[in-house]
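Right, one structure below, let's go through it.
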Number of protein chains: 2
Amino acid sequence: MSQSSPDPTPARLRTVPSRLLAQAATVADRLVGDRLAAEGARKWHFAVLVALAETGPTSQAELSRRTGIYRSDMVAVLNELAATDCIHRTPDPADRRRNTITLTPAGHHRLARLDALVTEAETELLAPLTPTQQHDLTHLLTLLTTHHRPPH
Amino acid sequence: MSQSSPDPTPARLRTVPSRLLAQAATVADRLVGDRLAAEGARKWHFAVLVALAETGPTSQAELSRRTGIYRSDMVAVLNELAATDCIHRTPDPADRRRNTITLTPAGHHRLARLDALVTEAETELLAPLTPTQQHDLTHLLTLLTTHHRPPH
DNA sequence: CACGAAACGTTAGTGCCACTAACAAAGATA
DNA sequence: TATCTTTGTTAGTGGCACTAACGTTTCGTG
């Protein structure tokens, strides 16, 4: 039945996909994170700003679903974005549980700045790949992530 | 020069490579981590055991380089592996700064068990991809990680 | 050979992120 | 009406990547 397999395949360590993914993600996070940190931001801020720009004002819970950031963490992120006037948080009269999160002009401007930095980081990240390979990688990762969706 | 680009490309959020990587890595880490946790292990333990099985006894610093685990974190991992008799830590008489880390029979056995769990997790992770796609993904990630090597 | 630089193992601590638990208030459903 | 769910919020956990510092041992170079 189960092999004892005392010796793993040579170079197993370098080829385990979950390890490769973790390594690549770490590199990517550092490239992006360092640039954003220079602006006092983290990737969460960027994700929220992008989500807001894409679909307009929404509730925190909706933002949470779209960005993958837990709603418990979203609170602090929005506090920070509000502290720099990037967003407005106003109660929703139609549903008084909700806050309506709105992107301000300052938020738009900040997004443009962060977007440039992220794009720069992505370029450096994907530099070793040809355009075709870059597309392939994005495609494969999309297949992976859409298949393993959060149990919503 | 620099575009103001107030509105990011539609669906930008879902296609940012660094985000895709982070998402995929999170899924992978959960699949692997949950299984290892059921055995009281984490991915670090697995990585160290694999590294030891692949190349035999080595120093902690060498293990650190091969696994990517910081040598400061390596101490605790080896303490835990030693506590369950998976490894031996003996001073190296040839270089008294070093400890020689040796995989015990119990360590081999534990590696076989963890390896099976990891293999199972990888299978589930890569299920949505064809064998060719799985190979392509591994290849592309390898290109990325080898290009962005730690500054050693 | 001597001495400064480097490597080793170790302790302590930081920051980011993913994730859980619990709560009050409001809304939806039965 | 009574129950279940959603929403925003606070608090806390655990893993991982990473830095700083220290004593000890070895190496490299003058």
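Chain A is the first sequence line, chain B the second, and so forth, proteins listed ahead of strands; every chain is numbered from 1. When reading the values below, keep in mind they use all heavy atoms of this one structure, side chains included, and skip hydrogens, waters and symmetry mates. These numbers come from a predicted model, not from an experiment.
A straight line from CG of A:L31 to P of D:dA17 spans 15 Å, rounded to a whole angstrom. C:dT10 atom P lies 8 Å from atom CG of B:L78, rounded to whole Å. Here the C1' atom of nucleotide D:dG8 and the CG atom of A:N79 are 11 Å apart, to the nearest Å. Straight-line distance from the CD1 atom of B:I87 to the P atom of C:dG9: 12 Å, rounded to whole Å. In this structure, the CD atom of A:E62 is 13 Å from the C1' atom of D:dT6, given to the nearest Å. In this structure, A:Q60 places its CD atom 9 Å from C1' of D:dT9, rounding to the nearest Å. Straight-line distance from the CE atom of A:M74 to the P atom of D:dT7: 12 Å, rounded to whole Å.
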Polar-atom pairs under 3.5 Å, protein N or O versus N or O of nucleotides 1-3 of chain D: list them with distances, or write none.
none

Inset, instruction - Starting at the 5' end of nucleotides 17-30 of chain C, put B wherever the base has a protein heavy atom under 4.0 Å, S where only the sugar-phosphate does, and a dash everywhere else. - result: SBBB-----BS---
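Paired with A:V16 under the rule side-chain contact (heavy atoms from CB on, under 4.5 Å), one option of B:V118, B:T138, B:V50 passes, and it is B:V118.
By the 4.5 Å heavy-atom criterion applied to side chains, B:D92 and B:R97 are not counted as neighbours. Residues B:V27 and B:L31 are in side-chain contact: their nearest non-hydrogen atoms beyond the backbone lie under 4.5 Å apart.
In terms of heavy-atom proximity, A:V48 sits nearest to A:L81 at CG1-CD1, 3.7 Å. Across every non-hydrogen atom of A:C86 and A:R110, the tightest pair is SG-CD, 3.2 Å.
Checked against salt bridge (charged side-chain N to carboxylate O under 4.0 Å, His left out), B:E122 has no partners two or more places apart in sequence or in another chain.
Ion pairing between a basic and an acidic side chain is recognised when a charged N comes within 4.0 Å of a carboxylate O; B:R66 and B:E54 show such pairing. We find that B:E62 and B:R98 are not joined by a salt bridge, their nearest charged nitrogen and carboxylate oxygen being 4.0 Å or further apart.
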